[in-house]
Amino acid sequence: MSISTPQAEMQPPLEGPDYLHEHSVRSWLLTTDHKRIGILYLVSITLFFLIGGVAVTMMRMELLTPQGDLFASSTYNKLFTMHGVIMVWFFLIPSVPSVLGNFLLPMMLGARDVAFPRLNLLSWYLFMAGAALALWAIIHGGVDTGWTFYTPYSSTYANGHVIAMVMGVFIAGFGSIITGLNFIVTTHKLRAPGLIWFRLPLFVWSLYATSIILVLATPVLAITLVLVALERAFGIGIFNPAIGGDPLLFQHLFWFYSHPAVYIMILPGMGVTSEIIACFARKQVFGYRIVAYASIAIAVLGFLVWGHHMFVSSQSIYAGMIFSLLSFLVSIPSAIKVFNWTATLYRGSIWFQTPLLYALGFLGLFTIGGLTGLFLAALAVDVHLTDTYFVVAHFHYIMVGGMVMAYLGGLHFWWPKITGKLYPEWPAKLSALFIFGGFNLTFFPQFILGYLGMPRRYHIYAPEFQTLNVLSSAGASILAVGYLLPLVYLLWSLRYGRDAGPNPWQATGLEWTTASPPPEENFTIAPVVTEDPYNYHPTEEAADA
Amino acid sequence: MSHPSDSTAPPFTSFSQQREAATLGMWGFLGMEVLFFGPMFLGYIVFRINFPDAFMTASRHTLILAGGVNTALLLISSFTMALAVRSANLLEDSAKVVRSLLVTLLLGGAFVGIKCFEYSHEIHEGLLPGASFHLDGADPQQAQMFFYLYFLMTGMHLLHVIIGLGLIAVFILRAKLTVRKERFSIAMEQLGLYWHFVDLVWVFLFPLIYLGGRAA
Ligand SMILES: [Cu+2]
């Protein structure tokens, strides 16, 4: 009696070495193995997450009291800029795509690597070079523009190393572009025999949609940042109102990238959630094709809604109305996904393992984040909420509540595949609960704060907001414990964890048919796909058989 | 016939697969490039609409003969590049590929030379945006915006030409040395696509920059 049918035959037990057998520094820094590159990304973004986390810890400490007691205003400005830039470009954007995507995509396709392995390594070096430049800017005095680099402040008036910072983001951007191109070509050209598009795991669909955004949106940000840097260096440019330029043009270009970028920071998480929910509900994903199409729809619609960041920026009221309407449309494919995950869970044989806890957390937090997005997409309400903590809470519900939850869920789900070891279940469950609880305690008060009118980006605030701010800071400390726990027990499991075996979750994807950790070439026998994805058999059915 | 050491690059298992993948990757890259140039063209459109008269006047200060010759040079170089790609695809004698690439390199080099001559002329005339910018007969700030966009867009295009020339030089050496002709022909096809793209960007830049304001 089996409870699932993998998409292809299981591989024979591995006799040769696995992909981790070489230990020299050289073997890591010159690797073209997509799995090792995924791990290079994993280590680097964990470091950046900690750096971005330190910045926000200091901010939340400052916000415990209404007075400015710890930092000067200019220092606080630099802290939130540092937090935003690092978390967005050096943690969230590469999180699921570059870590889990790099590791898993070729295996899910039954390929031995991505289409262009050397370019894949180059993308990591570009990412690190960009990060080094951004860190250099932070250490040598920082930048106080916020992560949005709005002109003319950034290009004319701001203090600090804006040019180095934007060039750091520029260089890292090309790393993202290469990753996106690689994923698109790999998905088109390197699928195993039998693996037609509608047999692809939904994670692959979501990575594909993400890659389209990476390739088509990132260059717009890249050239826009070059223009900001040039304008700052020479005082002449199309964004400088003093010489007849148009600072609003910057906002159009910036959000033409940065709204789709929000979907870079959520679509891959949706893919992870689909995989986890199907596996731990032991059911076929409800409406597989609709969920797959919804990823593409979100990617496409995402390019048409940037103006909702500019409702109060003197954009015409008609443009505002159209952008508002289009923004509402994005909620349709997003809601389809939420309903389909719920329907997948309905009457499934739920297996409460840690990845599922994370996925359920994602589901709840993403729903709140998505629904509050509708408030902000409504023109009149947005005028009241613009630049308040309501916006901060909304996007953290999506980007942290959604994406970070999904990233950690995925990391736990595939940890046995990546390392060959099982993580300890109890501390893992505890960390998921800490994160869910701490997250809500941190960010729910911020919705109320924003509604009551507390502006974002200030460290001195009216005394009546203190209670909610103290709650938020208290939540943040719980959240921090939740984030540090996995660091401890995942590292612990490398040494003391039990061996996982090829398929500890009895999951159906091709990555589970091979050994854990996999051999360098992923599969010893080229897989031939014979099954649809998610061929899980509910236990009652299996018992009848 | 292909040489015994002429094998596909991993992870590909056949030349046709590798060719399709490389070509798809290149088209994706060029799509990215379109979006990279897009904001600059958008900026041009915005200020052309905002400052129509100054843009007309400023446009007449560009060197149309140099721009026209450069357009012709790039178009011809695209043709010679197409010849090189064709020779490589037919796995012909590498001398043919090298010859076509050399002509392309010369034409592209001439383009760069003429462009630099134009720049030096314009800088001499005081058309470089900045404190010393001056141009009679138009609002100086608005005319300066035209020349800012001019230097920006042609400069970014020139950078692409120079990268292309570097690649062509590398490919000339590769064509001479390689015995892996099939693999080389796949790479040649991508070089060709890139070069045609660079040519195409210029085809849009030329009328925007040189032809405005000259109709009457
Ligand atoms: Cu948005």
Side-chain angles (χ1 to χ4, degrees), chain A residues 32 34 106 109 111-119 173-174 177-178 180-190 211-212 214-227 230-231 234-240 242-246 248-250 252-254 256-257 303 521-522 526, chain B residues 8-14 16-51 54-55 128-133 139-153 155-156 159 190:
Chain A
T32 53
H34 64 99
L109 299 176
R112 59 168 293 182
D113 210 320
V114 292
F116 311 115
R118 280 183 300 176
L119 284 179
F174 280 90
I177 290 170
I178 294 178
L181 276 175
N182 233 330
F183 285 4
I184 290 175
V185 176
T186 308
T187 310
H188 274 278
K189 292 295 163 199
L190 290 173
S211 302
I212 293 175
L214 283 170
V215 172
L216 295 183
T218 317
V220 175
L221 175 76
I223 186 67
T224 305
L225 293 181
V226 169
L227 293 177
L230 284 175
E231 195 163 320
F234 302 110
I236 296 162
I238 56 174
F239 305 136
N240 186 352
I243 60 160
D246 182 358
L248 208 63
L249 189 56
F250 172 85
H252 279 292
L253 294 171
F254 180 82
F256 181 85
Y257 162 80
F303 277 101
E521 65 280 15
N522 295 342
Chain B
T8 57
F12 303 110
T13 48
S14 72
S16 64
Q17 187 191 31
Q18 185 176 345
R19 185 178 292 274
E20 286 169 15
T23 309
L24 179 63
M26 196 51 174
W27 277 106
F29 176 80
L30 296 182
M32 186 284 286
E33 285 274 37
V34 170
L35 271 293
F36 185 80
F37 277 96
M40 292 184 280
F41 280 91
L42 181 70
Y44 181 92
I45 292 167
V46 166
F47 293 104
R48 164 87 188 242
I49 291 170
N50 285 354
F51 313 144
F55 267 49
L128 184 71
S132 63
F133 180 87
D139 180 309
Q141 278 193 352
Q142 300 183 354
Q144 178 174 262
M145 192 63 89
F146 174 87
F147 274 96
Y148 171 73
L149 285 162
Y150 162 78
F151 278 102
L152 177 76
M153 294 166 87
M156 202 58 87
L159 184 69
Q190 315 322 320

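A quick note: this is a predicted structure, and the numbers were derived from the prediction, not measured. Computed over heavy atoms, backbone and side chain alike; hydrogens, waters and symmetry mates excluded.
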Using the rule given for side chain to side chain contact (heavy atoms under 4.5 Å, CB included), can you reason through Leu249(A) versus Val46(B), listing the C-alpha separation, both sets of side-chain angles and the distance that settles it, and then say yes or no?
CA-CA 9 Å; Leu249(A) 189 56; Val46(B) 166; 4.2 Å; yes

Given a strict heavy-atom distance threshold of 4.5 Å, which part of [X] is in contact with chain B: side chain, backbone, both, or neither?
X: Asn240(A); value: neither
X: Leu181(A); value: side chain
X: Leu216(A); value: both
X: Phe250(A); value: neither
X: Phe239(A); value: neither
X: Ala526(A); value: neither
X: Ala115(A); value: both

May I ask you to test the [X]-[Y] pair for a side-chain heavy-atom distance under 4.5 Å?
X: Leu35(B); Y: Tyr257(A); answer: no
X: Met156(B); Y: Ile223(A); answer: yes
X: Leu230(A); Y: Tyr148(B); answer: yes

[X], part contacting chain A, at a heavy-atom distance under 4.5 Å:
X: Gln142(B); value: neither
X: Gln144(B); value: side chain
X: Phe29(B); value: both
X: Met32(B); value: both

For the residue pair [X] and [Y], what are the closest heavy atoms and their distance?
X: Met145(B); Y: Ile243(A); value: CE-O, 3.9 Å
X: Pro11(B); Y: Leu190(A); value: CG-CD1, 3.7 Å
X: Glu20(B); Y: Lys189(A); value: OE1-NZ, 3.0 Å

Margin query: Working note: Ile238(A) + Leu152(B), criterion side chain to side chain contact (heavy atoms under 4.5 Å, CB included); need CA distance, chi angles, decisive distance, verdict.
Written below: CA-CA 11 Å; Ile238(A) 56 174; Leu152(B) 177 76; 5.9 Å; no

Looking only at heavy atoms and a cut-off of under 4.5 Å, which of Gly245(A), Ala217(A), Ala111(A), Pro106(A) has the most pairs with chain B?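 Greatest number of close heavy-atom pairs with chain B: Gly245(A).
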
Rounded to the nearest 0.5 Å, the CG atom of Leu149(B) sits from the CD1 atom of Ile236(A) at a distance of 11.5 Å

Note: vs chain A, highest number of non-hydrogen pairs under 4.5 angstrom among Gly31(B), Gly28(B), Pro39(B), Ala22(B) is Pro39(B)

Residues, nucleotides or ligands: over 12 heavy atoms within 6.0 Å of Arg112(A) CZ: no

